[in-house]
Protein chains: 2
Amino acid sequence: MISKKTIYAFKALIHLAGTPSGQPVLIADLARDENIPKKFLEFILLSLRKGGLLQSRVGKGGGYTLALPANKITIGSIVRILEGDIAPVQCLSTTNYARCEECRDEATCGIRLTMTDVNVALATVLDGLTLADMVERSEAARNTLQNVVDYSI
Amino acid sequence: MISKKTIYAFKALIHLAGTPSGQPVLIADLARDENIPKKFLEFILLSLRKGGLLQSRVGKGGGYTLALPANKITIGSIVRILEGDIAPVQCLSTTNYARCEECRDEATCGIRLTMTDVNVALATVLDGLTLADMVERSEAARNTLQNVVDYSI
DNA sequence: TGTTATGTCTATAGAATTAATAGACTAAAA
DNA sequence: TTTTAGTCTATTAATTCTATAGACATAACA
């Protein structure tokens with residue numbers, strides 16, 4: 001289950017992706033519009049910036065903008081930055097590897113050998129989806145619904 | 001990331017799958033052999049029994065056995081019992097659905113529309129793997145390693 | 001029948017993680 | 001040099017996860 005922190009990040013990124021490019025958005029505005037606790041959002045945006053997904057400018061006229069086009073920002077990269085990892089077991093993590101406490105032998109651990117498949121499946125789907133997908137799918141759904149409404153009038 | 005509870009469940013189930021069929025295993029033995037806190041394991045085994053994956057018998061000669069052959073026990077079913085769910089967002093859960101707090105409109109939520117793919121990928125891989133895979137892959141790895149050792153002598 | 005073995009159940013305590021807040025600091029612009 | 005806005009470090013609050021305790025119920029067997 002994805003944490004609230006990551007959901008907040010998605011919301012903020014979607015908001016930024018929908019802002020005319022170059023126009024910085026203030027943390028305060030983002031927090032208000034998306035209903036995210038401001039201080040918590042600060043921390044999230046900072047993580048995303050350090051992760052290379054956002055750019056910021058301080059001072060008047062400052063704020064946050066995407067550092068890349070939305071279709072270059074994968075959902076996987078967002079999750080990795082905020083959840084620390086994607087792997088279902090830490091002994092499978094590349095970014096955050098740790099041996100499992102009581103693992104007698106990693107090479108023959110049935111849990112690990114099976115979770116590898118899960119890890120690959122997750123990484124594949126998460127790295128195949130981007131912020132642009134989030135925006136586009138939402139728009140597509142809105143349009144479809146709009147048509148339904150139009151017809152029904 | 002999978003919880004310790006679920007890892008303990010895997011270990012216990014693998015142990016049971018490796019026990020001659022019909023032979024009940026005591027909680028105490030499982031706890032000792034697999035290095036799992038006994039009371040915690042009690043609770044885990046109880047959950048698995050209520051979930052239909054284990055059978056138990058009380059009294060002398062009692063203990064736990066698998067309720068199904070290992071190749072009929074999917075990893076997905078184990079995870080669902082212990083983690084409550086598989087879905088990355090609760091609004092996508094079938095077993096445990098809940099509307100996301102601040103979701104304005106579920107039908108057009110970009111997060112939800114994207115996480116659907118993740119949900120499907122996860123369910124597919126988890127329901128395609130079984131306890132038997134865990135056991136077999138471990139054995140296969142052991143055999144391979146054994147051969148390497150043999151050759152090197 | 002009663003004694004022992006074993007799982008069941010409810011409650012609670014402790015630890016770890018996640019979510020949220022506070023306040024001082026730094027950088028940029030006008 | 002004043003105002004705006006992000007940065008950083010600490011701390012607190014809430015929640016979830018892990019673990020433990022103890023009384024209870026059930027089955028086997030002498």
Side-chain angles (χ1 to χ4, degrees), chain A residues 1-12 16 23-32 34-51 53-67 79 81-85 88-90 96 98 100-102, chain B residues 1-12 16 23-32 34-51 53-67 79 81-85 88-90 96 98 100-102:
Chain A
M1 198 71 71
I2 281 176
S3 71
K4 230 161 168 175
K5 190 166 64 173
T6 302
I7 299 289
Y8 288 157
F10 287 148
K11 288 190 175 183
L16 290 173
Q23 286 227 344
V25 179
L26 301 185
I27 296 179
D29 291 350
L30 219 37
R32 178 175 26 76
E34 300 298 335
N35 231 289
I36 303 171
K38 181 162 172 263
K39 279 291 181 177
F40 197 25
L41 180 59
E42 262 182 26
F43 170 74
I44 293 167
L45 295 178
L46 208 52
S47 305
L48 291 170
R49 201 211 57 184
K50 287 179 179 168
L53 304 188
L54 294 180
Q55 280 183 325
S56 65
R57 264 176 55 196
V58 180
K60 180 144 191 171
Y64 275 98
T65 53
L66 297 185
V79 173
I81 289 169
L82 291 160
E83 307 275 308
D85 221 312
V89 203
Q90 231 175 1
N96 229 344
C100 300
E101 302 181 12
E102 297 258 16
Chain B
M1 198 72 71
I2 280 176
S3 71
K4 230 163 170 173
K5 191 165 64 173
T6 301
I7 300 288
Y8 287 157
F10 287 148
K11 288 191 177 181
L16 289 173
Q23 286 228 343
V25 179
L26 301 185
I27 296 179
D29 290 351
L30 261 178
R32 179 176 24 76
E34 300 298 334
N35 231 289
I36 303 171
K38 180 162 171 264
K39 280 291 182 178
F40 198 24
L41 180 59
E42 261 181 30
F43 170 73
I44 292 167
L45 295 178
L46 209 51
S47 306
L48 291 170
R49 201 212 56 182
K50 287 177 179 170
L53 303 188
L54 294 180
Q55 281 183 324
S56 65
R57 264 176 54 195
V58 181
K60 180 142 193 176
Y64 275 98
T65 53
L66 297 185
V79 173
I81 288 170
L82 291 160
E83 307 274 309
D85 224 310
V89 203
Q90 232 175 359
N96 229 344
C100 301
E101 300 181 15
E102 297 258 16

(Q) What's the separation between atom CZ in B:F10 and atom CD1 in B:I2, rounded to the nearest 0.5 Å? (A) 4.5 Å

Q.
Using a 4.0 Å cut-off to any heavy atom of chain A, which nucleotides of DNA chain D are the first and last in contact, reading 5' to 3'?
A. D:dT4 to D:dC8

Q) For DNA chain C, whose closest nucleotide is more 5', that of A:I2 or that of A:R57? A) A:I2

Q) Going from NZ on A:K50 to CD1 on A:I81, what distance comes out if it is rounded to the nearest 0.5 angstrom? A) 12.0 Å

Q) Whole-Å distance between C:dT8 P and B:Q55 CD? A) 12 Å

Q: Report the distance from atom CG of B:L45 to atom CG of B:L16, rounding to the nearest 0.5 Å.
A: 7.0 Å

Q: Ignoring backbone atoms, test whether A:S3 places a side-chain nitrogen or oxygen under 4.0 Å from the OP1 or OP2 oxygen of C:dA19.
A: yes

Q) Nearest 0.5 Å, what's the CG-OG1 distance between B:L82 and B:T6? A) 4.5 Å

(Q) Whole angstroms only, please: what is the NZ-P distance between B:K39 and C:dT6? (A) 15 Å

Q.
In this structure, how many angstroms lie between the P atom of C:dT6 and the OH atom of B:Y64, rounded?
A. 14 Å

Q: Mind calculating the distance between CD (B:E42) and C1' (C:dA5) to the nearest angstrom?
A: 14 Å

Q. Between A:F43 (CZ) and C:dA22 (C1'), how many Å, whole number?
A. 15 Å

Q | Comparing A:K60 and B:S56 on DNA chain C - which has the more 5′ nearest nucleotide | A | B:S56

Q. Atom NZ of A:K11 to atom P of C:dA19: distance rounded to whole Å?
A. 13 Å

Q) Does A:Y8 make a side-chain N or O approach to OP1 or OP2 of C:dT18 shorter than 4.0 Å? A) no

Q: Any chance you could measure B:K11, atom NZ, to B:L41, atom CG, to the nearest 0.5 Å?
A: 11.5 Å

Q) Less than 4.5 Å apart, any side-chain heavy atom of B:Y8 and any of B:N35? A) no

Q. How is A:L45 classified with respect to the nucleic acid when contacts are heavy atoms under 4.0 Å: base, sugar-phosphate, or nothing?
A. nothing

(Q) Please pick, from C:dA19, C:dG7, C:dC9, the nucleotide with the shortest atom-to-atom distance to any side-chain atom of A:F40. (A) C:dA19

Q: Would you mind reading off the distance between A:N96 atom CG and C:dT17 atom P, rounded to a whole angstrom?
A: 12 Å

Q.
Let me confirm one number: the CD1-CD distance from B:I7 to B:E34, rounded to the nearest 0.5 Å.
A. 12.5 Å

Q. Separation of A:L82 atom CG from C:dT17 atom P, in whole Å?
A. 17 Å

Q: Have a look at B:K5 and say if it touches a base, only the backbone sugar-phosphate, or nothing, with a 4.0 Å heavy-atom cut-off.
A: sugar-phosphate

